[in-house]
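All of these numbers come straight from a predicted model, not from anything done at the bench. Throughout, numbering of the chain's residues begins at 1 and tracks the sequence.
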Amino acid sequence: MTTPDSPTPRQPASPSASSPNAALAVLSIAVFMSSLDLFIVNLAFPYIGHDFAGSTLSGMSWILNAYTIVFAAVLVPAGRWADRVGRRFVFSLGLGMFVAGSAACGLAPGLDFLIGARVAQAVGAGMMVPTSLSLLLALVPAEGRARAIGTWSAVGALGAGLGPVIGGLLVQLDWRWVFWVNLPVGLIALALARRTLTESRDPQARHHPDLLGAGVLAAAVGSAAFGLVKAPDWGWTSWRLGVTVAAAVVGVAIVLRHSARHPAPVIELPLLRIRSFSGAFGVSVLYYAGFGAFALNTVEFLTGAWHFSAVRAGLAIAPGPLCVLPVARLVTPRLVTRLGGPGRVAVLGAVVNMSSQLLLLASIGVHPSYAAEMLPAQVIGGIGVGLSIPSLLGAGTSAIPPAWFGVGSGILNMARQLGTVLGVAALIGLLSSHDGSVITPYRHGIELIVGFFAASAVVSAGVLARRRDVPIVLSPRARQGSNLRPAA
């Protein structure tokens, strides 16, 4: 019998496709690239601004925000489409589109063209990420999935953390290389994908994905981000800010109402009734808002207040990301077992991240003192990321049956992108409303980050760390009508 996660009879697995480790390597390369491109542009902003005269920080922030918003909107519809037409096919198509978008970014003659090319990149990334996790689940035996998911999510976090590091090195050649670097890596991944990945699809997936809902959601998030970025110019009590926020709220309400009626919605509402899943969604928005703001604030502080070069700033950031993968692989799984679940480790990770920023806030000064002031916070923060990110994904998926794993992971990844864009937009608003002081805007940025991490710790403690959901199974009609019921 053919199952949703098994190869179809017409497309048998190749011999090489039987190696989960080879598949994990290819899929991790893809998620690494998609996460890397969230923050690799941070250290390129001054160089892009020099080439494109008249560019401002708020304008260039859309190089990051446009990517993140479209990425978030595409995740779930792309996952739905992949279930229908083939996950390896959509993964490969997305990877190819990502590579093409990267080439276009490097050839951009102006800021508007660059932002448009970033949108194309984001569509490709949004096709890669949910299909990569679905393919991984289809290839890895059940007993090895927890470790494989931990590796997959940690590699994504590593890519986001190393973005400024790699970007700082590449801009010494030319800022365009922060995009062109994806070309050889992406083409190699495309060749390996054909050899190592087995095609799979869900034969029961019959409905078209909710493109309207995805578009409205992207517009809603874009409206909120635009309002936060423009708030310093408009004024925080401006009616225009009120209109953009109201438009965002109305847009989210429309998406929720539409999702309740659509057979393949952008947000699967029954999943939100699972306590661990909805909690992980909310915590992910808060946590990634802090993470996104932290990544940008650190870069801006090192280059703006301490006047580090791009290379020096990238190397200064490196110790944090380098802690992520070993902690996620070696420490987090043991703590999950010892503490009684991933939700409790997620609380610990958020507290560690908050502590790193409080330490930085207490010690940071105008005159550079990297070893005493920045390095400890970077290392502690990297440990917190290695604890938090695999735990949030583990907590969110712990009660979801395999047939819903792809949809659920797409929604959780969407929460990550939504949080990132809102955190970055809020930080841009703070940095743009400074009073001329060298260090005060960045200290306010740290306070904002502390607030996000503290909120994620509180919500994690209240929702994720209290109890586990009863695992659920799908009713016979669940594929048709999204009905979930507890296991007997």
* Asked: Is a donor on one side and an acceptor on the other found under 3.5 Å between the side chain of Arg312 and the backbone of Thr303?
  ->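 No, the answer is negative, given that no donor and acceptor are paired below the 3.5 Å cut-off.
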* Expected output: side-chain Ser132 to main-chain Val129 donor-acceptor under 3.5 Å ->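 Pair found, side chain donor or acceptor close to backbone of Val129.
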Atom [atom1] in [X], atom [atom2] in [Y]: separation rounded to 0.5 Å?
X      : Y      : atom1 : atom2 : result
Phe71  : Asp37  : CZ    : CG    : 9.5 Å
Ile439 : Trp306 : CD1   : CH2   : 8.0 Å
Ile69  : Arg118 : CD1   : CZ    : 12.0 Å
Gln378 : Thr298 : CD    : OG1   : 5.5 Å
Thr68  : Trp62  : OG1   : CH2   : 9.5 Å
Leu271 : Ser259 : CG    : OG    : 11.0 Å

* Residue from Val171, Val41, Asp174 passing side chain to side chain contact (heavy atoms under 4.5 Å, CB included) with Tyr47 ->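 So the option named by the test is Val171.
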* Asked: Considering all heavy atoms of both residues, which atom of Ala310 and which atom of Gln172 are nearest to each other, and what is their separation?
  ->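 Scanning both residues completely, I find the closest heavy atoms to be CB-NE2, 3.5 Å.
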* Measure the shortest side-chain to side-chain distance between Val463 and Val283 over non-hydrogen atoms and say whether it is less than 4.5 angstrom. =>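 No, side chains not in contact.
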* Could you list the residues that satisfy ring-ring contact (aromatic ring centres under 6.0 Å, His included) with Phe294, not counting sequence neighbours? =>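 ring-ring contact (aromatic ring centres under 6.0 Å, His included) check on Phe294 returns nothing, list empty.
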* Asked: Around atom CZ of Arg257, are there more than 12 heavy atoms of other residues, nucleotides or ligands at under 6.0 Å?
  ->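 No.
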* Among Trp175, Trp180, Phe179, whose ring pair (Phe, Tyr, Trp, His ring centres under 6.0 Å) with Trp177 holds? ->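 Only one option passes, and that is Trp180.
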Which donor-acceptor pairs under 3.5 Å do the side chains of residues 357-371 make with protein atoms, sequence neighbours left out?
from	atom 1	to	atom 2	distance (Å)
Ser363	OG	Leu359	O	2.9
Tyr370	OH	Ala316	O	2.6

